[in-house]
Every structure is written in structure tokens, then in C-alpha cells.
Amino acid sequence: MKHLLLFLLSLPILTACSNIKDELVVSSPDKNIEVTVFNSTEGRVGYIVEFDRNIILDSSFFSLDFNDQSSFGTNLEVVIISASSFDETWETIWGEQRYIRNNYNELKIELKEKSELGRRCFIVFRVFDDGVGFRFEFPEQENLSDAVIVDENTQFNLTNDHTVWWTPGDWDIYEHLFNTTKFSEIDALSKRNHPSLAQTYIPENAVNTPVTLKTQDGVYISILEANLTNYSDMTLKVDKENLLFQSELVGNDSSIKVKTKTPFVTPWRVILIGDEASDLVSSRTILNLNEPNKLNDVSWIKPTKYVGIWWEMHLGKSTWNMNSGRHGATTENAKRYIDFASENGIGAVLVEGWNTGWENYFGNKDRDFIFDFVTPYPDYDLNEVVRYAEEKNVEIIMHHETYTHIPAYEKRLDTAFALCKSLGINAVKTGYVGQIIPDGEYHHGQWMVNHYRKVMEKAAEYEVMVNVHEPIKPTGLRRTYPNLVSAEGLRGQEFNAWSSDGGNPPEHLTIVPFTRMLAGPIDYTPGIFDIKINKYKADNQVNTTLAHQLALYVVIYSPLQMAADLPENYEGHPAFQFIRDVGVDWDTSIVISGEIGGYITIARKERNTDKWFLGSITDENERTINVSLGFLDEGKEYAATIYSDTEYSHWDTNPTEYKIEEKTVSNNDLLKVELAPGGGTAISFKSLIN
Ligand code: NOJ
Ligand code: CA
């Protein structure tokens with residue numbers, strides 16, 4: 001329902017900005033966030049964001065640079081202003097939450113150049129209770145049709161030297177550890193070809209989005225984007241002198257950032273704001289800034305837990321390549337995983353290394369004919385595996401490692417997905433290891449953004465869900481295409497198996513929920529019980545306790561959630577009961593408490609049951625957290641099964657020690673959650689029928 005909203009002209013609080021001629025103000029429905037848009041004397045349009053009456057982003061401007069015409073962003077006048085508000089509650093097909101309220105006030109301003117060119121653009125602000133989204137909309141017009149954008153200069157003008165949780169603005173891969181520094185101490189160095197990641201181009205002094213900040217006053221801010229469509233990923237250039245972030249779009253070797261034509265819209269530039277770190281995690285604004293579901297029949301889209309022929313390759317127990325004599329994806333091994341899944345109520349089995357080509361993987365320059373995505377190795381009877389899985393009521397997850405030969409994959413998309421459809425396979429994990437072919441393109445550039453989109457749409461056509469590794473980061477497209485179920489896009493569990501830098505430190509996943517996870521679901525692949533992996537990798541280990549691994553099923557959100565360890569490490573293990581029980585699709589999610597890089601506690605209620613689950617993790621510091629169970633349904637008693645560290649557990653010296661306790665609880669109770677260094681607690685709550 002839309003209706004006109006009053007906007008205020010010239011708020012007195014803004015008289016400090018001398019250049020302001022006209023000011024328009026739009027606030028959040030609860031009035032805590034206020035955005036002021038103004039036109040400076042040089043005809044530049046800027047915005048200011050206030051939260052609780054304090055400026056959190058000061059005068060910030062924007063402009064677009066084109067390759068063959070003058071920049072757009074100065075000498076502008078306001079032509080038309082419209083204001084509206086929107087309030088709707090919609091139902092998700094799957095997700096952290098069943099019903100989402102989409103409530104904002106919108107201000108849409110048409111800007112026109114006063115010069116002869118007279119180019120036009122709308123700037124649209126949507127102000128929610130937990131953040132602001134804005135984008136530029138260029139209508140069809142005489143003096144701007146084909147457009148090659150060489151820079152988008154959108155500013156986020158900080159008010160102080162905030163604490164920032166950041167990763168470098170890599171054009172190829174998000175698989176970096178998070179750094180915690182003051183803004184002025186961000187030292188993202190330029191690099192080409194990361195030693196252990198093979199690909200990547202990192203420009204000097206830029207960070208990736210989502211990037212999260214904390215102000216001296218304890219306000220949390222995250223800058224990210226929503227609905228990345230036919231555009232390139234937004235990183236942020238760090239201007240230390242002016243305490244300013246400025247958008248730096250990912251480009252290619254022809255210095256093109258975006259090639260488009262009018263009419264076009266940019267992705268939403270989003271600023272999430274809260275006075276608790278947990279507010280950022282609870283926000284659904286990214287989804288609200290995307291279009292509603294476009295798929296008709298969604299009955300084939302099913303959140304599930306899965307196991308897979310996967311960790312064993314990362315450990316070196318077996319290989320993707322058949323010729324090693326230690327092939328992982330054999331018919332027999334696949335059946336072993338299927339049996340395990342079926343016996344334990346795990347819905348699906350991922351099989352990697354099933355297809356020919358892995359013998360030519362890595363280092364091979366002529367990658368065109370490495371993978372055809374349809375030919376199984378001779379020791380893997382695909383039809384028989386699928387038949388057996390069906391008999392056992394288990395789904396098979398297909399694997400497409402593209403090795404980043406994009407033209408080769410695109411050529412074979414139809415045959416690859418037709419095979420899935422013919423076998424009744426409803427999920428694929430895709431992968432993009434290596435440097436993009438064609439040369440000069442990067443994983444996060446517009447060309448690849450369009451490729452990832454094409455694959456997602458093709459998969460939808462064949463009724464297949466996709467889980468993308470080495471992806472373009474999520475930007476909420478899962479609302480529009482609910483078959484885009486999960487993505488990697490961070491340093492996943494695999495690093496603990498082979499990284500020469502010691503793997504992911506205990507604090508890693510206490511930062512991820514407040515940064516990368518704001519963008520969308522994460523295929524982290526939790527659940528490693530053999531923490532020390534001494535049998536296969538003497539120099540590597542997982543840097544958490546076992547109970548922390550369990551808690552990740554609640555803390556890290558994904559509708560496809562892997563039980564990543566080897567079946568032999570789960571067989572007969574009492575803690576595996578938590579993985580059997582835990583949900584993957586949620587009715588409600590509540591972020592109970594958390595501090596970025598310290599700890600986080602989340603409770604989630606399973607969709608269509610009355611079970612609740614709680615996960616709490618800490619960094620390398622032990623801590624005790626008092627959790628009110630007030631989230632549990634009123635008037636019910638629950639049998640709580642608590643999987644926790646013991647007083648002797650420690651991520652390094654004693655990671656597998658844990659205990660299981662049973663308690664009867666209700667929503668009046670307070671629970672003392674004790675976390676060991678690198679530890680965690682996982683709780684399942686089943687309601688007791690009186
Ligand atoms: C990297 C992915 O992240 C990993 O999950 C996969 O096993 C390998 N590529 C091989 O495709
Ligand atoms: Ca990866």
C-alpha cells in the first residue's frame with residue numbers, strides 16, 4: 001500500500017553544511033534513522049545519515065564516470081520529488097524467518113543536468129528501521145543510451161576513525177581472514193596471485209563489502225549491497241585523509257567496470273545501522289530490497305542437511321582424480337555415504353570427483369575440454385548411485401567444478417543440467433577455482449556476475465538448486481530466485497585441512513556472522529569431529545572445540561548444511577545426535593547477543609515443528625554467557641539437550657572433550673552457557689507434551 005509521505009524542508013540541524021541549498025529529509029518508520037538529501041551550490045547531490053539524532057555518515061556525494069562522455073554528478077538540479085511509504089509482510093519459501101516485514105519510507109528524486117546534455121537520473125532512498133538503501137536509476141534518454149562506466153564514485157563519509165572488520169577488496173576471491181583495525185590503519189596491500197589461492201587480483205587500499213564498523217559511540221554500521229544485477233561488485237576505496245569510503249567497482253583488464261545501456265539501475269547501496277552488533281544480523285533489509293520470487297513451481301526446492309565425498313579429498317585420504325588409485329567417488333563409496341545418510345536422517349549426499357577431467361585439473365592451460373559435466377569415471381556408476389539413493393530416500397547433489405573455463409561451461413550448461421533433470425537430481429554445487437578464462441576478466445566483475453546469473457537461471461529452468469563456491473557474493477537474489485540456496489564466498493572449513501597459515505583461527509566465525517553472513521547464506525561445511533586430523537594431516541587442525549562445531553549449525557545460516565566429517569568419525573558418536581536433530585529451515589531466528597570477533601549466540605525455531613535450537617560460540621577466550629530462555633514458546637516445557645565444552649576443553653590442547661546434559665526448561669529460565677577457549681554450546685529444545 002502506497003501513500004504520500006510528508007517530507008520536511010531545511011532541518012535546522014543541517015545548517016552546519018554551508019553549501020546546502022535545498023534539503024529533503026526522509027526518516028525510517030520509527031524515526032530513528034533520518035536521511036537528508038541536499039543539492040550543493042555546484043549542483044552536486046549529497047546525503048547525510050543520522051541515527052538517534054547523531055550524524056553517522058556526513059555529507060557524501062556520488063558521481064559516475066563514463067569512457068566517452070563527461071562524468072555525471074555535477075551541475076544537477078532537482079526536477080521532481082516524490083515520497084511514499086510501504087508496509088507489507090511477505091512469506092519466505094525458506095530462510096531464517098518465515099514472515100518478513102518490509103516497511104520503509106521512500107524518497108525518489110529526479111535529477112537533471114543544467115548543461116546542454118541534460119542527462120537525467122533518479123536517486124531513490126528507502127529508509128528502514130534498521131538501515132538505508134539507495135540506488136541510481138537511469139531512464140531511457142536521448143543523451144545517454146549505451147554507457148560504459150569506468151568508475152562509480154559513491155561516498156560513505158565516516159565521522160571518525162572507527163573500528164573496521166574488513167577483508168581486502170580482492171577482485172577474484174573472498175577467501176581471506178577478517179582484519180580488525182581502525183579505519184586509518186587499514187592496510188590492504190595490492191597483490192596479484194595469492195600464494196595459496198592461485199588466482200586473485202587485489203588492488204591497493206580497498207576493502208570488500210560487506211564491511212562492518214563500530215563507532216566510538218557504540219553504533220554498528222555495515223556497508224553492503226543488494227540486488228547485484230548486470231553490474232559489478234562494489235568494493236570500497238579507503239581514503240584515510242578524509243575518513244571516507246568510496247565505491248570502487250570491480251573491473252576488467254580493459255578498464256571497463258560496467259557496460260550497460262539505459263534504462264538501467266545500479267544495485268542498492270545499503271547501510272545497516274544498529275546500536276547492538278546483533279541488530280545487523282537480524283536485519284532482513286537486503287532481502288526486502290530484492291524483487292519477489294519469480295519461480296512458479298518451487299516444490300523441488302528443499303532445504304536439507306547433507307554429507308559428501310568431499311572432506312576425504314581435502315584431507316588427502318582420497319582424490320578427485322581416478323588415476324591416483326585412491327579415487328573417492330567410486331560407486332561403492334557413494335553407497336557407503338548414502339547408507340550413512342539414510343540411517344541418520346540426512347537428506348542428501350554430495351559427490352565430488354565423479355566426472356572425467358580431474359586427471360587434467362590444476363596447472364593445465366588448455367582447460368576447454370577438461371570437464372564435460374556428463375561423463376562419469378568408469379568406477380562410478382552414476383545411474384546405479386542415483387537409483388540406490390532413491391531407494392534409500394536420499395538425494396544426490398551434483399558437482400560442477402568449472403575450473404573457471406567459463407565459455408566451456410556455458411557451452412555445456414544445457415547438457416549438464418539436462419542430465420540432472422533426467423536423473424531427478426535437484427541440487428548442484430558449482431565451483432570456480434582458478435583464474436577466469438577469458439583472460440582479463442575477474443570473478444567479481446560484471447561479466448562474471450552475468451555468468452553466475454545465467455547459471456542460476458538455467459538451473460531454475462531445469463529445477464535445480466545451486467550452491468556456488470568461489471561465487472559472486474550473495475546480495476539477496478535468493479528472494480527472487482529461491483533456487484540460489486547457498487554460497488561459499490569466505491574462508492570455509494577446507495582451509496583447516498590444508499592451509500599453510502594454520503587454518504581459520506578460533507575468532508573467525510565470531511566475525512563472519514556480522515560481516516559476510518549479512519550478505520546471505522554460507523556453505524561453511526561445519527561439523528568436523530576429528531579436530532586434530534592427525535591421521536591425515538599432522539600439520540593442520542580445526543581451531544575450535546567439538547562443541548563449537550555443533551553450535552555452527554545454528555550460528556551459521558544455510559539451507560544446505562553439510563555434516564562435513566567422514567562417516568567413520570560420526571558412527572557411534574553421541575554428539576552426532578545434535579546434527580541428526582538440528583533443523584535447516586527456520587520459522588524464527590533470534591540473535592540473543594554477540595560482540596564482533598568475540599562471541600555470538602543465536603536461537604532458531606524450526607519451521608513446521610515446535611523445536612528450538614541454540615548455538616553459541618566464542619573466540620580464543622573462554623567466557624560465560626547468561627542466556628534468558630524467554631524466546632521459548634510461552635507456557636510450554638522443553639527437554640533441553642545441551643552439548644557443551646567441559647572445564648578442561650580447549651580448542652588446541654583438548655578440543656574433543658565435551659559433555660551432554662539433559663534439563664527440563666521453560667521460557668522463565670536463565671541458562672548459564674560456559675564456553676571454553678575456542679568453544680561453543682549447542683542446545684536442542686523439544687517441547688514436552690503435557
Ligand atoms: C574449492 C571448493 O571450495 C571446494 O569445496 C571443492 O571441493 C574444490 N574447490 C574442488 O571443486
Ligand atoms: Ca573455496
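On a predicted model such as this, the values are computed, not experimentally measured, just so you know. Below, all heavy atoms of this structure are taken into account, side chains as well, without hydrogens, waters or symmetry copies. Numbers for residues simply follow the sequence, beginning at 1.
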- Message: On a heavy-atom basis, which atom in E441 and which in N252 lie closest, and how many Å separate them?
- Response: OE2-ND2, 3.3 Å

- Hey, mind stepping through Q549 and T544 against side chain to side chain donor-acceptor pair (under 3.5 Å) and telling me if it holds? CA-CA 7 Å; Q549 289 292 307; T544 74; 3.1 Å; yes

- Message: Students often mix this up, so state it plainly: with edges at 30° and 60°, are the rings of W498 and F495 parallel, tilted or perpendicular?
- Response: tilted

- Side chain N608, main chain D585, donor-acceptor under 3.5 Å: no

- Task: Give me the ring orientation class for W358 and W320: parallel if the planes are under 30° apart, tilted from 30 to 60°, perpendicular past 60°.
- Result: parallel

- Query: Is P482 close to L295 at the side-chain level, that is, under 4.5 Å between some pair of heavy atoms?
  - Reply: yes

- Item | Salt bridge flag under 4.0 Å for residues E461 and K458 | yes

- Can you list the steps and then say if D581 with Y553 is a side chain to side chain donor-acceptor pair (under 3.5 Å)? CA-CA 10 Å; D581 290 341; Y553 288 88; over 6 Å; no

- Between T235 and A206 the two heavy atoms that sit nearest each other are OG1-CB, 4.0 Å

- K294 atom NZ: more than 12 heavy-atom contacts under 6.0 Å: no

- Might you work through the side-chain contact (heavy atoms from CB on, under 4.5 Å) test for V374 and N355, ending with a clear yes or no? CA-CA 7 Å; V374 291; N355 56 330; over 6 Å; no

- Shortest non-hydrogen separation from P474 to A519 and the atoms involved: O-CB, 3.2 Å

- Taking the side chain as every heavy atom from C-beta outward, state whether N540 and N496 have any atom pair closer than 4.5 Å. no

- Query: Do N208 and T167 have side-chain N/O donor and acceptor atoms under 3.5 Å apart?
  - Reply: no

- Note on the structure: d(N290 CG, T475 OG1) to nearest 0.5 Å is 5.5 Å

- Message: Would you say Q446 and N230 are linked by a side-chain donor-acceptor pair, where the criterion is simply a distance under 3.5 Å?
- Response: yes

- Evaluate the side-chain proximity of K237 to S247: yes if any heavy-atom separation is below 4.5 Å, no if none is. no

- Task: Evaluate side chain to side chain donor-acceptor pair (under 3.5 Å) for W447 paired with H451, printing each intermediate quantity in order.
- Result: CA-CA 6 Å; W447 194 81; H451 166 77; over 6 Å; no

- Message: In this structure, is the centre-to-centre distance between the rings of H400 and W354 below 6.0 Å?
- Response: no

- Indicate yes or no: does E96 engage R604 in a salt bridge with an N to O separation below 4.0 Å. no

- Query: Could you walk me through whether I472 and M448 pass the side-chain contact (heavy atoms from CB on, under 4.5 Å) check?
  - Reply: CA-CA 8 Å; I472 184 69; M448 279 302 290; over 6 Å; no

- Query: Between E91 and R98, does at least one N-O distance fall below 4.0 Å, as a salt bridge requires?
  - Reply: yes

- Message: Ring-plane angle category for Y403 and Y361, please: parallel below 30°, perpendicular beyond 60°, tilted otherwise.
- Response: tilted

- Which of parallel (below 30°), tilted (30 to 60°) and perpendicular (above 60°) describes Y452 and Y432? perpendicular

- Task: State, with a plain yes or no, whether a side-chain heavy atom of I602 is found less than 4.5 Å away from one of Y557.
- Result: no

- Message: Under a plain distance cut-off of 3.5 Å, with no hydrogens placed, do T480 and E291 share a side-chain donor-acceptor pair?
- Response: no

- Item | H444 and Y174 aromatic centres sub-6.0 Å | yes

- Main-chain N/O of P521 paired with R516 side-chain donor or acceptor, under 3.5 Å: yes

- Item | Which atom of A497 lies closest to which atom of H314, heavy atoms considered | CB-O, 3.7 Å

- Message: Working to the nearest 0.5 angstrom, can you tell me the gap between T229 OG1 and F264 CZ?
- Response: 13.5 Å

- Message: Could you tell me if the side chain of D253 sits less than 4.5 Å from the side chain of D439, heavy atoms only?
- Response: no

- Query: Y220: what forms a ring pair (Phe, Tyr, Trp, His ring centres under 6.0 Å) with it, not counting sequence neighbours?
  - Reply: none

- Can you find a heavy atom in the side chain of W94 that is under 4.5 Å from one in the side chain of M465? no

- Query: Hey, are E225 and R269 close enough for a salt bridge, meaning a charged N less than 4.0 Å from a carboxylate O?
  - Reply: yes

- Query: Of all heavy-atom pairs between S282 and V591, which one has the smallest distance, and what is that distance?
  - Reply: OG-CG2, 3.5 Å

- Item | Test applied, side-chain contact (heavy atoms from CB on, under 4.5 Å); reference residue, L614; option that passes from V554, T601, V555 | T601

- Message: For W311 and L566: C-alpha separation, side-chain torsions, deciding distance, then whether side-chain contact (heavy atoms from CB on, under 4.5 Å) applies.
- Response: CA-CA 7 Å; W311 187 238; L566 310 174; 4.2 Å; yes

- Counting N and O atoms only, with roles assigned by atom type, does the side chain of Q435 sit under 3.5 Å from a partner on the main chain of D172, one being a donor and the other an acceptor? no

- Query: With side chains defined as the heavy atoms from C-beta onward, is the minimum distance between L228 and L477 less than 4.5 Å?
  - Reply: no

- In terms of side-chain heavy atoms, does N321 have a donor or acceptor partner in T319 at a distance below 3.5 Å? no

- For the student: nearest non-hydrogen atoms of W268 and G133, plus distance: CE3-C, 3.6 Å

- Task: Check each of K257, K259, E152 against Y231 using the side-chain hydrogen bond (donor to acceptor under 3.5 Å, both in side chains) test, and report the only one that passes.
- Result: E152

- Item | Pair Y201 + W171: ring centers closer than 6.0 Å | yes

- Task: Using distance alone, with no hydrogens and no angle criterion, decide if Y99 and D587 have a side-chain donor and acceptor under 3.5 Å apart.
- Result: no

- Task: Check step by step if side chain to side chain donor-acceptor pair (under 3.5 Å) holds for Y462 and D414.
- Result: CA-CA 9 Å; Y462 287 93; D414 270 295; 2.5 Å; yes

- Item | Side-chain heavy-atom pair V542, I533 within 4.5 angstrom cut-off | no

- Begin with the C-alpha distance, continue with both residues' side-chain angles, and end with the deciding distance and a verdict on side-chain contact (heavy atoms from CB on, under 4.5 Å) for Y570 and N344. CA-CA 10 Å; Y570 290 141; N344 292 287; over 6 Å; no

- Query: Taking T266 for the side chain and R135 for the main chain, is one N or O donor matched with an acceptor at less than 3.5 Å?
  - Reply: no

- Task: Go through the side-chain N and O atoms of Y524 and N504 and say whether any donor and acceptor fall under 3.5 Å apart.
- Result: yes

- Task: Using the test side-chain contact (heavy atoms from CB on, under 4.5 Å), find all partners of T510 that sit at least two apart in sequence or belong to another chain.
- Result: E507, I617, D619

